[in-house]
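Notes to accompany the following structure.
Chain letters run A, B, ... following the sequence lines, proteins first, then strands; residues in each count from 1. All values below were derived from every heavy atom in this structure, side-chain atoms included, with hydrogens, water molecules and symmetry-related copies excluded.
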Amino acid sequence: MKITPVRGTHDFFGQQVIKYRTIQDLISHYSVIYNFEEIITPIFESTELFKKPLGENSDVVLKEMYTFKDKNEDFLTLRPEYTTPMIRSAISNNLLEKLPKKLYGIGPMFRRERPQKGRYRQFNQINFEILGTHDISADIDLIILANNFLKNLLPEKKINLFINSLGDKNTITNFSIALGNYFKQNKKKLTEESQSKIVLNPIRILDSKDPTDIEINLNAPQISDFYSNEAKEKFSNIQKILKDMSVDFSINMNLVRGLDYYCHTVFEFKTSDLGSQDTLIGGGRYDGLTKLLGGPDIPGVGWAGGIERLIMLMDDIKPLQKNIHLIIINESFKEYGLKVANQLRQKNISIHFDYKYNLKKSLSHANQLGARFAIIIGEEEVEKNLCTLKDLNKNIQEKKTIENIIKDLS
RNA sequence: GCGAACGUAGCUCAGUUGGUUAGAGCGCGGGCUUGUGGUGCCCGAUGUCGAGGGUUCGAAUCCCUUCGUUCGCCCCA
């Protein structure tokens, strides 16, 4: 029986691991520069935690969560997103006394969707969250952090930033009602899919890709007509500052995000190189969420980025092959060879030994792995208490004492 | 969850209207070279043709089921 990974899951090895670590290192770097604290939370939580915040009628809650009953009858869910657990953790551990609190996290998320390129059932996400400030500077800092991170990681790629504002709580409510009424009047012209959303989630009709829906959407009420003065001002200030800081963006009035907790600023970084799964980073403001989770009534803003999608856009990274290959020509010189390796390793020189005792094979192996040097030990070397150091690029070699080799390689 | 395409060697793929022992390149193993890699030449092994069932004298090829991948929808990171 051949055992394969579960549908929608995959193993990381080789280049993927190198790329994953590269992303992780870069994130860690930015977390220091922007002063975010890392938080690591369990991968499963009580099901309750996700239901309300994400929206009882959201697709994530309705059909994508991995939920199971524990042996004591509790319902548990593998986390489908990280914002909610991070806030839960901040509340549980009383981390919200000094505000704002800036947290970041990296780890696996789980959604039972149909797998596709760039969409997996277990996937890794990076999250940055700022809790406890209404200031648009936080929104802007996060957008610029994401922008700088992407530019640094993928300098050659064309990535577009789209922003929108969902206004405050009243905006969304009133807009939804108006939108619902408008779509009811035009019900017959909409696709079946969209018709089913009129009552439950009319906002979602706005980002339909269907041409007839798009035509109806053209004359639909505009969310901007429902902004409060405050929301309007916030949004225009954000645009102004981003422009002043020469961050390229476009406004997409139909950008509505799938989780219920968003309000005010929402944004997405998209690429055209990944096909249908084109969002690299998405986020926004979620001012009521912390209170909803039983914490203080504080605002929040954050984003999530998909690591698999970033990895797909990265060029291969040449591993720094600094290994020195130890080649022992005959098994009888094993002990001498191991002693040499030990001395070098204690000086922090990386030594690879393939346990083969075959000069030809080992040299070939060293070559394949891109090694720069080989240390060769045979009868002549052992007799004179020396080692041969061979430069594989220049194809020159010389017998030397261990002390001299350490000097050469340090 | 809906629609469609695809699945042959470790990898990339060929395989005619169903026909005998299923092929190529790359990679892998061995040799030319018993203390010297990369280039070259020679030799060799690649395999549950995704899995299961059916039609047929005969199936990689046709049909059904199933698993997986990919594309679109949906959704999102």
- Just checking, any donor-acceptor pair under 3.5 angstrom between side chains of A:T388 and A:E381?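 Looking only at side-chain atoms, A:E381 and A:T388 do form a donor-acceptor pair, the distance falling under 3.5 Å.
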Would you say [N] has OP1 or OP2 under 4.0 Å from some side-chain N or O of [X]?
X      : N     : value
A:Q368 : B:C28 : yes
A:R119 : B:C73 : no
A:K197 : B:C75 : yes
A:K361 : B:G30 : yes
A:R7   : B:U69 : yes

- Message: If you count heavy atoms of other groups shown closer than 6.0 angstrom to CG of A:N93, is the number above 12?
- Response: yes
Separation of the [atom1] atoms in [N] and [M], to the nearest angstrom:
N     : M     : atom1 : value
B:G7  : B:A14 : P     : 8 Å
B:U46 : B:U55 : P     : 32 Å
B:C26 : B:G58 : P     : 39 Å
B:U66 : B:G44 : C1'   : 38 Å
B:G18 : B:A60 : C1'   : 10 Å
B:U61 : B:U20 : P     : 14 Å
B:U17 : B:U21 : C1'   : 23 Å
B:G38 : B:C71 : P     : 39 Å

- Message: A:I405 vs A:L409, test: side-chain contact (heavy atoms from CB on, under 4.5 Å). Steps then yes/no.
- Response: CA-CA 6 Å; A:I405 287 178; A:L409 297 179; 3.7 Å; yes
Atom [atom1] of [X] to atom [atom2] of [N]: distance rounded to whole Å?
X      : N     : atom1 : atom2 : value
A:Q122 : B:C76 : CD    : C1'   : 17 Å
A:E113 : B:C2  : CD    : P     : 15 Å
A:Q277 : B:G72 : CD    : P     : 7 Å
A:R114 : B:C76 : CZ    : P     : 18 Å
A:D11  : B:G10 : CG    : P     : 18 Å
A:M86  : B:A77 : CE    : P     : 14 Å
A:E383 : B:G35 : CD    : P     : 14 Å
A:D210 : B:G3  : CG    : P     : 17 Å

Searching all strands shown, indicate the nucleotide that pairs with [N] (Watson-Crick or G-U wobble; both distances under 3.5 Å).
N     : result
B:G58 : none
B:G44 : B:C28
B:A22 : none
B:G7  : B:C67
B:G72 : B:C2
B:G38 : none

Which part of the nucleic acid does [X] contact within heavy-atom distance under 4.0 Å: base, sugar-phosphate only, or nothing?
X      : value
A:N395 : base
A:D278 : base
A:E308 : nothing
A:I126 : nothing
A:G282 : sugar-phosphate
A:G283 : nothing
A:E64  : sugar-phosphate
A:I307 : nothing

Between [options], spot the one nearest the side chain of [X], thanks.
X      : options             : answer
A:N367 : B:C76, B:C71, B:G37 : B:G37
A:R112 : B:A77, B:G35, B:G1  : B:G1
A:K360 : B:G35, B:C75, B:G37 : B:G37
A:E381 : B:G35, B:A77, B:C76 : B:G35
A:K117 : B:C71, B:G35, B:A77 : B:C71

- Message: With salt bridge (Lys or Arg N to Asp or Glu O under 4.0 Å) as the criterion, how do A:E129 and A:K101 come out once you've worked through the C-alpha distance, each side chain's angles and the decisive distance to 0.1 Å?
- Response: CA-CA 8 Å; A:E129 315 286 350; A:K101 192 74 186 172; over 6 Å; no
Would you mind checking if [Y] and [X] are paired as a salt bridge, meaning a charged N to carboxylate O distance below 4.0 Å?
X      : Y      : answer
A:R111 : A:E81  : no
A:K19  : A:D316 : yes
A:K339 : A:E335 : yes

- Message: By nearest heavy atom, map A:L363 and A:I205 onto RNA chain B; which one lands nearer the 5' end?
- Response: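 In this pair, the answer is A:L363.
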- Between A:E379 and A:G8, whichever has its closest RNA chain B nucleotide further toward 5' is A:E379
- Message: Let's test your reading of the model: under 3.5 Å, does the base of B:U69 pair with the side chain of A:Q116 as donor and acceptor?
- Response: no
- Check if the side chain of A:R309 and the base of B:C76 share a donor-acceptor pair of N or O atoms closer than 3.5 Å. yes
- Message: Working note: A:K407 + A:E403, criterion salt bridge (Lys or Arg N to Asp or Glu O under 4.0 Å); need CA distance, chi angles, decisive distance, verdict.
- Response: CA-CA 6 Å; A:K407 239 180 256 169; A:E403 289 70 30; over 6 Å; no
- Partner of A:V301 by side chain to side chain contact (heavy atoms under 4.5 Å, CB included), out of A:I140, A:L142, A:T265: A:L142
